[in-house]
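Following: one structure in C-alpha cells, then a few remarks.
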Amino acid sequence: MVTSDMSHYSAPEYYDYPNFFAALLRSVVDYGPGDFMISLGDVIPAEGTSWTIDQVLGSDYPWFPIPGNHDFGKNELDFFENYQYDINGDKEPSIINWGPVSCPRTTYSFDYQNAHFVALNVYCNEESPWGIDGSITDTLYDWLAEDLEQANKQHIFVFGHEPAYPRPDVDTGQMRHLGDSLDQYPQDRDRFWQLLQDHNVLAYLHGHTHGYHAEKIDGIWQLDAGQSMGVRAAPSPGTFLIIEVDGEQVTLRTYRGEDGPGFSFLLRDEIILGD
C-alpha cells in the first residue's frame, strides 16, 4: 500500500471523522491493506500518523515512511531518528541497507519476497538530511547506485517525495511543483533516471504534487500517489495506491475519493505495471 501527504489530517484529533486520513485507512481495510505501507513524505505529524496507523491497521502492521519537504521540524527529525522500522525483527520486510552517513535513518532499502524497495530522502546531501531543495545529490546518487548494484530481486521499486517529471492530476488537470521538483536540477534528474533504467527499475513513486498520475517515461513507470488527507480534500481527491506483486505480474490499483455525497473511495485505475 502507498500513501502520501497526510499534511496534518492524520493527527489523533481527526481520528473519528469520516473524511480524513483515519477514514481513508478504514477504506484500505475494506480493500485489503496488503503486507505493509510506504508513505512518501509530508507525513506530519509523524507521531500522530504512526498512532493512527496503529489504531486502524494494528501495531504490528509495518509502516515505512520517508520525509517530505514539510517534515523538517524537530518533532519529525526526532521521530525519524528514533522510529522502529524493523518491528518484526529479522523477518521480511526488514531494512537491509541503511542510507548514507548524513541521512542513515531517512534513506534505506529492504527486500520482500521477489521485490526490492528503495526509500530515498531527496533532501539529503553530504552534510545533512534536511533543508536542501529536493535533488538527487552525489551523496544520494552514489548510495543508490551501490544499492541497486547489489539488488538481486525480480522487481525493483524506488520511492521519493518529489517527482522527476511533474505531471498534472489525471482528473482535475491541476499542475503543481513544475520546475521546483527534481526537475529543478535537470542534469541530476537525468542522471538519476538513467540509473533507474540501467538497473531495470520497474517504478519510481512519489508524492508532493497532491495529484495522481501514472505514466511510463523512457521505460520507467512514474507513479504520483496523490494526497491522503481525506476523501475530498483540496486540491484533488484523496488517493491511495495498492500494488500487488504476484510472481512476474505487478498490478497497480488506484483508489480515489468519490465526488459525493458519501465518503467512500472508489477504484479509479487498474494498470498492469509489469509481467
Side-chain angles (χ1 to χ4, degrees), residues 2 4-5 38-42 65-72 97 99-103 106-109 116-151 155-170 173-227 236 241 243 252 271 273-274:
V2 182
S4 190
D5 295 78
I38 297 177
S39 293
L40 306 179
D42 287 359
I66 58 174
N69 59 304
H70 292 296
D71 295 320
F72 293 151
N97 189 15
V101 173
S102 57
C103 54
T106 52
T107 293
Y108 52 88
S109 67
H116 183 65
F117 302 84
V118 187
L120 301 177
N121 173 5
V122 299
Y123 306 99
C124 169
N125 64 12
E126 64 180 351
E127 298 177 352
S128 171
W130 309 99
I132 66 169
D133 290 335
S135 179
I136 306 298
T137 62
D138 289 346
T139 298
L140 202 57
Y141 178 89
D142 291 344
W143 179 89
L144 176 61
E146 183 176 353
D147 183 87
L148 293 177
E149 186 66 33
Q150 296 174 359
H155 306 294
I156 302 176
F157 302 87
V158 177
F159 301 83
H161 183 61
E162 297 191 4
Y165 301 89
R167 295 292 192 259
D169 180 83
V170 70
Q174 184 175 51
M175 171 70 83
R176 300 181 74 239
H177 295 298
L178 178 64
D180 65 355
S181 297
L182 299 187
D183 62 329
Q184 184 174 355
Y185 304 99
Q187 288 185 328
D188 291 340
R189 186 270 314 274
D190 293 347
R191 180 180 64 164
F192 167 62
W193 210 252
Q194 184 63 56
L195 181 64
L196 302 188
Q197 292 174 297
D198 292 343
H199 290 278
N200 298 313
V201 170
L202 179 61
Y204 172 67
L205 295 92
H206 69 88
H208 193 46
T209 71
H210 295 192
Y212 162 68
H213 195 96
E215 180 180 355
K216 201 169 191 178
I217 302 173
D218 295 332
I220 310 293
W221 282 99
Q222 179 179 263
L223 307 178
D224 189 339
Q227 53 83 10
S236 60
L241 312 181
I243 295 177
L252 165 71
I271 299 172
L273 301 179

Taking all heavy atoms of [X] and all of [Y], pick out the closest pair and write down the distance.
{"X": "Ala225", "Y": "Val2", "result": "CB-CG1, 3.9 Å"}
{"X": "Gln197", "Y": "Asp218", "result": "NE2-O, 2.7 Å"}
{"X": "Pro129", "Y": "Thr106", "result": "CB-OG1, 4.1 Å"}
{"X": "Leu252", "Y": "Ala214", "result": "CD2-CB, 4.4 Å"}
{"X": "Thr139", "Y": "Cys124", "result": "CG2-SG, 4.4 Å"}

* Are Asp190 and Gln194 close enough that a side-chain donor and a side-chain acceptor fall under 3.5 Å? -> no

* Asked: Taking atom types as modelled and ignoring hydrogens, do the side chains of Tyr123 and Asp71 form a donor-acceptor contact shorter than 3.5 angstrom?
  -> no

Rounded to the nearest 0.5 Å, what separates atom [atom1] in [X] from atom [atom2] in [Y]?
{"X": "Ser109", "Y": "Trp143", "atom1": "OG", "atom2": "CH2", "answer": "4.5 Å"}
{"X": "Ser102", "Y": "Trp130", "atom1": "OG", "atom2": "CH2", "answer": "11.5 Å"}
{"X": "Cys103", "Y": "Asn121", "atom1": "SG", "atom2": "CG", "answer": "5.0 Å"}
{"X": "Phe72", "Y": "His70", "atom1": "CZ", "atom2": "NE2", "answer": "9.0 Å"}
{"X": "Asn97", "Y": "Tyr108", "atom1": "CG", "atom2": "OH", "answer": "12.5 Å"}
{"X": "Asp198", "Y": "Glu149", "atom1": "CG", "atom2": "CD", "answer": "10.0 Å"}

Less than 4.5 Å apart, any side-chain heavy atom of [X] and any of [Y]?
{"X": "Thr209", "Y": "Pro163", "result": "yes"}
{"X": "Ile38", "Y": "Phe157", "result": "no"}
{"X": "Ile66", "Y": "Leu40", "result": "yes"}
{"X": "Leu202", "Y": "Ile156", "result": "no"}
{"X": "Asp224", "Y": "Arg167", "result": "no"}
{"X": "Tyr204", "Y": "Leu182", "result": "yes"}
{"X": "Leu241", "Y": "Leu205", "result": "yes"}
{"X": "Phe192", "Y": "Leu120", "result": "yes"}

* Begin from the C-alpha positions of Asp42 and Gln227 and carry the test side chain to side chain contact (heavy atoms under 4.5 Å, CB included) through to its verdict. => CA-CA 9 Å; Asp42 287 359; Gln227 53 83 10; over 6 Å; no

* Checking side chain to side chain contact (heavy atoms under 4.5 Å, CB included) against Ser181, which of Arg189, His161, Glu162 comes through? -> Glu162

* Between Thr107, Val201, Leu195, which is the residue that forms a side chain to side chain contact (heavy atoms under 4.5 Å, CB included) with Leu144? ->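 The side chain to side chain contact (heavy atoms under 4.5 Å, CB included) with Leu144 is passed solely by Leu195 among Thr107, Val201, Leu195.
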
With a 3.5 Å distance limit and no angle check, can you tell me whether [X] reaches the backbone of [Y] through a side-chain donor-acceptor pair?
{"X": "Trp193", "Y": "Ile217", "value": "yes"}
{"X": "Asp183", "Y": "Ala164", "value": "no"}
{"X": "Gln222", "Y": "Tyr165", "value": "yes"}

* Asked: Has Gln174 got more than 12 heavy atoms of other residues, nucleotides or ligands less than 6.0 Å from its CD?
  -> yes

* To do: Given side chain to side chain contact (heavy atoms under 4.5 Å, CB included), test Leu273 with Leu223 step by step and report yes or no.
  => CA-CA 10 Å; Leu273 301 179; Leu223 307 178; 3.9 Å; yes

* To do: Applying ring-ring contact (aromatic ring centres under 6.0 Å, His included), name anything that partners His177, two or more places apart in sequence or on another chain.
  => His208

